[in-house]
Participant: 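Questions regarding the structure given below will be posed in turn.
Below, chains carry the letters A, B, ... as their sequence lines are ordered, and counting in each starts from 1.
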Amino acid sequence: MLQNGNWFPRIPCFLSLLMLPQLLIKHQSSYSFNSIIRTHLSSGHPEKALTNFTQFKEQGLLPDNFTIPSLLKLCFELNQPSIHGENIHAFAIKTGYLQDIIVSTGFVELYFNYGHFSASYQLFDEISERDVVLWTAMVSGFSHNGLGDQSVNFLSRMLREGIKPNRITLTSVLAACSQLMVLNLGRSVHGFSIRNGIFKADDVVLETAFVDMYAKCRNLIYSSRVFDRMRERNSVSWNAIITGQVNYGSSEAALRLFREMMYENKTEPRSSTLASVLQVCGGTTDLRRGREIHGHAVRSCRRSNLDSLVENNALIDMYAKSGDLNSAVLLFQNVRNKNLVTWTTMISGYGMHGLGKEALKAFDEMKKSGINPDGVSFIAVLSACSHGKLVDEGLQLYISMQRDYKIQPEMKHFACMVDLYARSGLLEQAFGFIEKMPVEPSEFIWAALLSSCRIYKNVELGENAAKKALTYDQYNAGVYILLSRIYADSGRWEDFSMVRLFMKELGLKPVTARSWVEVERKVYTFTVRDNLNPYSKKIYNLLETLKEKMEKGGFDSDRSGGGHNNISEEENESDLCGHTEKLALAFVLIKCGGHQGPIRIGKNLRVCTDCHESFKFISKITNREIILRDPNRYHQFKQGSCNCCDFW
DNA sequence: ATAGGGTTAG
C-alpha cells in the first residue's frame with residue numbers, strides 16, 4: 001500500500017506555478033477553495049466542505065499539498081466512497097505531495113483514525129526527517145487506539161533521538177499513562193514538564209490532563225491537588241475531577257465539587273458531567289440523591305437556557321441506571337422532541353435491563369420517526385441484542401448498519417459482535433469473526449471472548465484469548481482471574497495455582513467483591529465474610545435459615561443457569577465472589593423486613609449462579625421485588641423469577 | 001496568504 005514512499009522527487013510546485021500565468025490563476029482559486037474547505041471543516045460542517053470540494057473538482061482543479069490534509073479529515077468524517085483515503089494516498093504518491101511532512105502526517109493520522117496503526121507505523125518509518133508534530137501524532141495515535149505502551153515507547157524514542165517534546169506531546173502521552181494506570185510514569189512526565197519549562201502557568205489543557213491522569217491512576221489526592229491549584233478551569237477540567245471522583249474516589253467529593261461548580265457559576269456543566277454526577281445515584285442505586293442532582297440540573301439548564309432535552313436525556317439515563325426503568329420509560333414517553341441521544345439512551349436502558357425485544361422495537365420506532373441511527377446508537381442496540389440473546393437480529397442490524405447507513409464499524413461494534421456470538425455460546429463464530437476483522441483486535445475484544453469461554457468452559461479457546469489479551473497488558477488482573485476460573489471449572493487445579501502464583505509474583509490482586517445497599521438514607525457496604533457489621537451474626541443466621549428453606553422448597557442451588565456454572569467451593573470461599581450481595585440482602589430484610597417496595601442492591605462484580613438462584617427464591621418467599629445491579633446490567637427478581645431469564 | 005499533533009466522555 002505504501003511502497004516506495006521515498007524515491008519520488010519533490011516537485012517544486014510553487015516555482016512552476018509562478019512561471020505559468022494560467023497556473024497562477026489555478027493557484028489563486030485553489031487557495032480560496034482550500035481556505036473555504038478548511039473553514040467549513042473546523043466549524044463542524046463537513047457536508048458544506050464536501051460541496052465545495054465537488055465544485056473544486058468541477059472546475060478541473062486538482063488537490064494540492066494544502067488540500068490533501070483537509071481531504072483526509074473530510075474522508076474520515078463523512079465516510080463517503082467518493083473520497084477514499086487510499087485513492088488520495090495513491091494520488092499523493094504520484095504527485096510527490098507525500099514528500100511533504102504535513103501531508104504525510106495527515107495520512108499517519110488518517111490510518112490511526114481507522115485503527116490501521118500498522119499502516120501509520122509503516123508510513124512513519126518511511127519518513128526520513130521527522131519533526132515534533134509527526135512524533136506527537138504517533139504518540140497520540142497509539143494512545144487513541146488503546147496502545148498506551150506503544151505511545152510511551154514513542155515518547156522515549158523521540159527523546160533518545162533528541163527531539164524535544166512540547167506541551168501537546170506531553171498531553172498526549174498523559175492519556176496513555178492513564179490508560180496504563182502507570183502513576184509513576186505520569187508523575188515523571190509531570191516533573192519533566194516543569195523542569196524543562198514545557199508547562200507554563202495557566203496552561204489549562206495540560207493541567208487538566210494531569211488532573212485526569214492522576215484520577216485515572218486512582219490517585220485522587222494528587223489529582224485534587226493539581227485541580228485545587230489551577231487558577232483557570234474550564235468545563236473539561238471540572239468534568240475530569242468530578243468523573244474522577246465518581247469513578248475512583250468518593251461520591252461525596254463528586255457531589256461537593258459539583259455544588260462548588262454550580263455555586264461559582266463561571267462554568268456551565270457539560271452534559272457528560274451531569275450524567276457522571278447522576279451516575280453517582282446509579283452506582284449506589286440511590287434515587288433520592290439522584291433527585292437532588294436533578295434539581296441542580298434543572299436549575300443549571302434554566303440558567304444557561306440549555307435545551308431541556310439535555311437534562312431529560314441525562315435523567316432518563318439516571319433512572320435507567322438506578323434500576324428504575326419504569327420512571328425512565330415514563331419520562332421518555334413525555335419527551336416531545338426526542339433526539340438521537342434520547343432514543344439511544346432509552347435503547348441502552350432497555351438493553352441494560354435485558355429487554356432486547358423492547359430495545360429493538362424502540363430502534364425501529366426511532367427510524368420510523370425519521371431519525372437516522374449513528375454509530376453510537378448501533379452500539380446500544382447491538383449490546384441490547386447481546387444481552388437479550390438475539391443473535392440473528394444483531395447480525396441483521398450489523399449488516400444493515402453498513403449497507404443502509406454506510407456506517408463503518410469501529411472497534412466497539414466489533415466488540416459487540418464478538419460478545420453477541422460468544423455470550424450465546426457460539427464461541428467458534430466469535431473467534432471466526434475476530435479473525436476476519438479488518439483491524440487488529442484490541443484487548444477488549446479478546447477479553448469479551450475470554451469471559452464467555454469461562455461461562456461455556458472452553459479451555460483451549462480461553463487460553464488463546466487470554467494470551468492475546470495479555471500481549472496488550474501484561475498486568476491485567478481480570479484476565480488472569482478469568483483464566484484461573486476456567487482452569488478451576490475444568491478441575492485443572494495445577495494450572496489454576498500456577499496462574500495465581502504468577503499473579504502474586506506480578507503483584508496483582510483480584511478485585512475485592514463488594515455489594516452495597518441504601519437503608520434509611522445511609523449506604524451500607526458489604527465485603528467478603530464481613531464480620532465487622534454489628535448485624536453480622538443475625539445476617540449469617542438468616543442466611544442459614546433461608547438456605548434450609550430453599551433446600552426444602554426444592555431449589556437446587558447448584559443448578560446452572562444460562563450456561564453459568566458455579567465455581568467450586570474453594571473458589572467461593574476465596575475472595576472471588578464472596579456472596580456479598582446475599583449479605584446485603586439479608587441485612588435489608590433484617591433492618592426493614594416489614595417494608596414494601598423494591599430492594600435495590602448494587603454489586604461491583606458479576607452475580608454468580610448461586611446468588612442468582614437464591615435471590616429468585618427469596619423474592620418469592622418474601623414477596624418482594626429485588627433489583628440487583630451488577631457492572632453490566634440489572635436483574636429484577638419478582639415472584640421467583642428474574643427478568644434476565646437466567647441469561648446474563 | 002492556505003496545512004499536520006492536545007484535555008472529558010459517550
Side-chain angles (χ1 to χ4, degrees), chain A residues 14 27-39 41-42 63-73 97 100-110 112-113 120 123-124 127 130-144 151 154-155 158 163 165-178 193 198 203-216 226-227 230 232-244 246-247 267 269-276 279 310 313-314 317 340-341 344-345 348 374-377 379-380 410 412:
Chain A
F14 58 96
H27 175 238
Q28 274 178 338
S29 27
S30 297
Y31 162 69
S32 49
F33 268 112
N34 287 341
S35 309
I36 292 168
I37 292 173
R38 175 75 220 137
T39 311
L41 271 175
S42 52
D64 60 15
N65 49 327
F66 293 101
T67 328
I68 293 172
S70 300
L71 277 186
L72 298 181
K73 283 228 165 67
Y97 289 134
D100 187 329
I101 191 160
I102 300 178
V103 170
S104 44
T105 305
F107 283 105
V108 166
E109 199 202 349
L110 179 80
F112 269 128
N113 281 341
S120 295
L123 189 47
F124 169 86
I127 300 169
R130 303 159 181 154
D131 63 7
V132 206
V133 182
L134 176 63
W135 279 100
T136 305
M138 296 304 286
V139 170
S140 80
F142 278 119
S143 107
H144 282 149
S151 171
F154 269 76
L155 179 71
M158 76 184 277
I163 311 275
N166 59 22
R167 48 189 290 277
I168 301 182
T169 322
L170 296 189
T171 313
S172 310
V173 86
L174 285 172
C177 295
S178 312
S193 74
I198 300 169
D203 185 339
V204 183
V205 173
L206 191 50
E207 280 182 307
T208 302
F210 290 134
V211 171
D212 185 52
M213 178 275 294
Y214 285 128
K216 291 214 171 105
V226 177
F227 181 82
M230 286 172 77
E232 295 291 325
R233 296 159 182 160
N234 61 21
S235 61
V236 180
S237 330
W238 283 101
N239 192 73
I241 188 75
I242 291 176
T243 46
V246 168
N247 292 326
T267 324
R270 303 195 147 219
S271 53
S272 59
T273 311
L274 283 178
S276 266
Q279 196 194 314
V310 173
N313 293 345
D317 195 44
L340 183 60
V341 178
T344 306
T345 308
S348 71
D374 69 348
V376 181
S377 49
I379 292 171
E410 292 167 34
K412 283 213 158 182

Participant: To the nearest Å, give me how far apart CD1 (A:Ile102) and C1' (B:dT2) are.
Facilitator: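 It works out to 10 Å between those atoms.
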Participant: Would you say a side-chain N or O of A:Lys216 is under 4.0 Å from OP1 or OP2 of B:dA9?
Facilitator: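 Answer is yes, contact under 4.0 Å.
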Participant: With the side chain of A:Thr208 defined as its heavy atoms from C-beta on, choose the nearest nucleotide among B:dG6, B:dT7, B:dA3.
Facilitator: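 Of the options given, the side chain of A:Thr208 lies nearest B:dT7.
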Participant: Ignoring the backbone of A:Ile168, work out which of B:dG6, B:dT2, B:dA9 is nearest its side chain.
Facilitator: B:dG6
Participant: In this structure, how many angstroms lie between the C1' atom of B:dG5 and the CD atom of A:Glu109, rounded?
Facilitator: 7 Å
Participant: If you compare all heavy atoms of A:Ile68 against all heavy atoms of A:Pro63, which two are closest, and at what distance to 0.1 Å?
Facilitator: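 Taking every non-hydrogen atom into account, CG1-CB, 4.4 Å.
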Participant: Under 30°, 30 to 60°, or over 60°: which ring-plane class applies to A:Phe142 and A:Phe112, parallel, tilted or perpendicular?
Facilitator: perpendicular
Participant: CZ of A:Phe227 versus C1' of B:dT8: gap in Å, rounded?
Facilitator: 13 Å
Participant: When the distance from CZ of A:Phe142 to C1' of B:dG5 is rounded to whole Å, what number comes out?
Facilitator: 14 Å
Participant: Can you name the nearest heavy-atom pair linking A:Met213 to A:Ser178, along with the distance?
Facilitator: CA-OG, 3.3 Å
Participant: When you get a sec, tell me which of B:dG6, B:dT2, B:dG5 is the closest nucleotide to the side chain of A:Arg167?
Facilitator: B:dG6
Participant: What nucleic acid atoms does A:Asp212 come within less than 4.0 Å of, heavy atoms only: base, sugar-phosphate, or nothing?
Facilitator: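 Contact class for A:Asp212: sugar-phosphate only.
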Participant: Can you tell me which nucleotide in B:dG5, B:dG4, B:dT2 comes closest to the side chain of A:Phe66?
Facilitator: B:dT2
Participant: What is the distance from CG of A:Leu134 to C1' of B:dG4, rounded to the nearest Å?
Facilitator: 9 Å
Participant: Heavy atoms under 4.0 Å, any strand shown: does A:Ser104 hit a base, just sugar-phosphate, or nothing?
Facilitator: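 Touches nothing.
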Participant: Rounding to an integer number of Å, can you tell me how far A:Asp203 CG sits from B:dG6 C1'?
Facilitator: 10 Å
Participant: Below 4.0 angstrom from OP1 or OP2 of B:dG4, is there any side-chain N or O of A:Arg38?
Facilitator: yes
Participant: Could you tell me if the side chain of A:Glu207 sits less than 4.5 Å from the side chain of A:Ser237, heavy atoms only?
Facilitator: no
Participant: Do A:Thr136 and B:dG5 share a donor-acceptor pair, side chain to base, under 3.5 Å?
Facilitator: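 Such a pair is found, so the answer is yes.
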Participant: Look at all strands and tell whether A:Val236 reaches a base, only sugar-phosphate, or nothing, counting heavy atoms closer than 4.0 Å.
Facilitator: base
Participant: Examine B:dA9: is either OP1 or OP2 under 4.0 Å from a nitrogen or oxygen in the side chain of A:His144? Give yes or no.
Facilitator: no
Participant: Figure out the CD1/C1' separation between A:Ile37 and B:dA3, and round it to whole Å.
Facilitator: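 Rounded to the whole Å, the gap is 12 Å.
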Participant: Mind checking if A:Ile379 touches a base, just sugar-phosphate, or nothing, with heavy atoms under 4.0 Å?
Facilitator: nothing
Participant: If the cut-off is 4.0 Å, is A:Lys73 near the phosphate of B:dG4, judged by side-chain N/O to OP1 or OP2?
Facilitator: yes
Participant: Quick check against the 3.5 Å criterion: does A:Asn65 have a side-chain atom that pairs as donor or acceptor with the backbone of A:Tyr97?
Facilitator: no
Participant: Please pick, from B:dG4, B:dG5, B:dT2, the nucleotide with the shortest atom-to-atom distance to any side-chain atom of A:Asp131.
Facilitator: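 Comparing B:dG4, B:dG5, B:dT2 against the side chain of A:Asp131, the answer is B:dG4.
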Participant: For B:dT8, does either OP1 or OP2 sit under 4.0 Å from a side-chain N or O belonging to A:Thr243?
Facilitator: no
Participant: Quick one: salt bridge (Lys or Arg N to Asp or Glu O under 4.0 Å) partners of A:Arg233, sequence neighbours excluded?
Facilitator: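 With sequence neighbours excluded, A:Arg233 shows a salt bridge (Lys or Arg N to Asp or Glu O under 4.0 Å) to A:Glu264, given in chain and number order.
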Participant: Just the rounded figure in Å: distance from C1' of B:dT8 to CG of A:Asn234.
Facilitator: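 For the pair A:Asn234 CG and B:dT8 C1', the rounded distance is 9 Å.
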Participant: Of all the nucleotides listed (B:dT7, B:dG6, B:dG5), which has the minimum atom distance to the side chain of A:Ala209?
Facilitator: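 So the nucleotide nearest the side chain must be B:dT7.
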Participant: Hey, does A:Lys412 reach any base, or is it just sugar-phosphate, or nothing, if we go heavy atoms under 4.0 Å?
Facilitator: nothing
Participant: Answer with yes or no whether A:Asp100 presents, from its side chain, a donor or acceptor under 3.5 Å of a partner atom in the base of B:dG4.
Facilitator: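 When only heavy-atom distances are counted, A:Asp100 does not reach the base of B:dG4 through any donor-acceptor pair under 3.5 Å.
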Participant: Please table the atom pairs, donor to acceptor, closer than 3.5 Å between any side-chain atom in residues 169-176 of chain A and protein atoms at least two apart or in another chain.
Facilitator:
unit_1	atom_1	unit_2	atom_2	d
A:Thr169	OG1	A:Thr136	OG1	2.9
A:Thr169	OG1	A:Asn166	N	3.1
A:Thr169	OG1	A:Asn166	OD1	2.8
A:Thr171	OG1	A:Arg167	O	2.5
A:Ser172	OG	A:Ile168	O	2.9

Participant: Looking only at the side chain of A:Ile101 (C-beta and beyond, no hydrogens), which of the listed nucleotides B:dG4, B:dG5, B:dG6 gets closest?
Facilitator: B:dG4
